[in-house]
Amino acid sequence: MITRGNRTRGQASLCVVRILVLSLLMTTGLWSQSPPVTDIAFAPGGEWLLACSQEGLKIFSWPDLKLQKTIEASFVNLHCLEFSPDGRLLAVGGGNPAEEGVVEVFSWPACVSRMKLTEHGDSVVSLVWQGSKNLVSASLDRSLILWNITSKKTRRTFQGHSRGVRAACILKSGELVTGGQDQSVRVWNVESGELIRSLNQHSKPLHSIAVCPVAGPRQMVATAAGDRTIRFWQPTIGRMMRYIRLPSEPLDIKWLGESRMVASCVDGHARVIDTENVKITREIPVVQGWAYAVAVHHDGAGVALGGSNGRLCRLEWNPRSESLRLR
């Protein structure tokens, strides 16, 4: 006869067995997950998609997303990558949290390491080229460094953010625009290092900055932040033009053209935003977990998204019908 006490002890024993089995699976790697894809970029020509994570720098063929090659960087935590405008160099940023920020520059397409830049005191999380001989790195150590790639030396350091710097871009007029964990957008004179102005409308840390591809007399940039907003600015005059609040936090943004933008979000969705009327025109679930990074192909129709568990996805954007489809 099975009594209530025996049944309770049996259930407790079964629970212990389940915990031991789960622990064994996690310890032996049988129930492990791949690290998230932290950044992606299309190579010059558009035949390859590069993705970085703690598993290294991976090169995939496009559009079938078949792994072609893995490149090991000199550090483990890779956060960002950016091709030089002439397509001959690839910069990869990352480092060891609270210890060292690293930028490694590779030749392309040979993928041979050319230099390692290590002046930062915390992880490098954003990179932007000024021409093909100068590179700006943004770090969680609250600073930005302008590097001369030819001499492999620091040209200038930008100080002013009170917390880590998460994103950076350079306008066609020459100004450097940055966004930080201190919730601010800052505009700098690249040549002098002078802070021109600070814009403080965001209420949570910034994640991404994107420059509008159409340069008017006053170029527009968009910023995405933890307050779930994407804000549109004319930074050279310090004007916020408009903003949109999304259902989920946007982690990365890229322009699809003059008046459309795609955002990758915490809920794993990709969302297309009408940047003039500030409304969502399309949204689609893409990954389970977070969608960390998005990239737009040179043809304007292909969209790649990277996220949790090492996921990479291909989407197709049709500007005429404004359809976004997972392929």
Side-chain angles (χ1 to χ4, degrees), residues 34-43 46 48-53 57-60 62-63 65 78-83 90 92-93 125-128 138 166-169 179 205-213 221-226 228-232 244 246-275 280-319 322-327:
S34 297
V37 173
T38 50
D39 199 10
I40 55 178
F42 284 101
W48 315 104
L49 178 73
L50 279 73
C52 66
S53 72
L57 180 64
K58 295 185 177 183
I59 303 175
F60 297 85
W62 181 265
L65 291 177
L78 280 64
H79 291 295
C80 53
L81 64 157
E82 193 76 22
F83 281 97
L90 170 66
V92 181
V125 292
S126 183
L127 296 164
V128 58
R166 299 284 322 183
C169 69
L206 275 80
H207 298 310
S208 182
I209 292 179
V211 184
C212 181
V221 304
T223 56
R228 292 193 289 113
T229 68
I230 297 174
R231 297 176 187 262
F232 302 92
I244 181 173
L246 304 186
S248 179
E249 188 175 336
L251 296 176
D252 196 15
I253 50 175
K254 294 291 187 300
W255 291 86
L256 289 165
E258 183 177 2
S259 61
R260 294 294 183 273
M261 167 173 285
V262 60
S264 58
C265 301
V266 164
D267 62 0
H269 286 225
R271 291 178 169 86
V272 176
I273 294 108
D274 177 340
T275 63
I280 298 170
T281 61
R282 291 289 185 273
E283 66 176 292
I284 180 173
V286 181
V287 298
Q288 289 186 340
W290 291 21
Y292 286 93
V294 64
V296 177
H297 193 272
H298 313 319
D299 63 12
V303 177
L305 188 144
S308 298
N309 199 23
R311 287 292 308 279
L312 276 178
C313 299
R314 172 194 165 206
L315 297 95
E316 186 177 90
W317 163 247
N318 187 325
E322 296 217 351
S323 64
L324 184 69
R325 295 187 295 174
L326 186 63
R327 306 298 289 180

Parallel, tilted or perpendicular: rings of W62 and H297 (30°, 60°):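 Ring orientation, 0 to 90° scale: parallel.
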Steps toward side chain to side chain contact (heavy atoms under 4.5 Å, CB included) verdict (V294, L315): CA-CA 10 Å; V294 64; L315 297 95; over 6 Å; no
Which heavy atom in [X] sits nearest to a heavy atom in [Y], and how many Å separate them?
{"X": "A225", "Y": "P250", "result": "O-CD, 3.6 Å"}
{"X": "E258", "Y": "T275", "result": "O-OG1, 3.8 Å"}
{"X": "M261", "Y": "I230", "result": "SD-CG2, 4.1 Å"}
{"X": "L81", "Y": "C52", "result": "CD2-SG, 3.5 Å"}
{"X": "R271", "Y": "P247", "result": "NE-CD, 3.7 Å"}
{"X": "V211", "Y": "W255", "result": "O-CD1, 3.1 Å"}

E322 atom CD: more than 12 heavy-atom contacts under 6.0 Å: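 Result for CD/E322: enclosed.
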Quick one: are [X] and [Y] in side-chain contact, heavy atoms under 4.5 Å?
{"X": "L50", "Y": "F83", "answer": "yes"}
{"X": "Y292", "Y": "T38", "answer": "no"}
{"X": "V92", "Y": "D39", "answer": "no"}
{"X": "C313", "Y": "L326", "answer": "yes"}
{"X": "N309", "Y": "V287", "answer": "no"}
{"X": "V262", "Y": "W317", "answer": "no"}
{"X": "L57", "Y": "L90", "answer": "yes"}
{"X": "D274", "Y": "R260", "answer": "yes"}

Check: [Y] main-chain N/O paired with [X] side-chain donor or acceptor under 3.5 Å:
{"X": "S248", "Y": "D267", "value": "yes"}
{"X": "R228", "Y": "L246", "value": "yes"}
{"X": "S264", "Y": "L251", "value": "no"}

Find the distance between [atom1] ([X]) and [atom2] ([Y]) and round it off to the nearest 0.5 Å.
{"X": "R282", "Y": "L324", "atom1": "CZ", "atom2": "CG", "result": "9.0 Å"}
{"X": "R314", "Y": "R327", "atom1": "CZ", "atom2": "CZ", "result": "5.5 Å"}
{"X": "K254", "Y": "L305", "atom1": "NZ", "atom2": "CG", "result": "10.0 Å"}
{"X": "R311", "Y": "S53", "atom1": "CZ", "atom2": "OG", "result": "14.0 Å"}
{"X": "T229", "Y": "I244", "atom1": "OG1", "atom2": "CD1", "result": "10.0 Å"}
{"X": "R231", "Y": "L206", "atom1": "CZ", "atom2": "CG", "result": "9.0 Å"}

Working for side-chain hydrogen bond (donor to acceptor under 3.5 Å, both in side chains), residues R325 and S323: CA-CA 6 Å; R325 295 187 295 174; S323 64; 4.8 Å; no
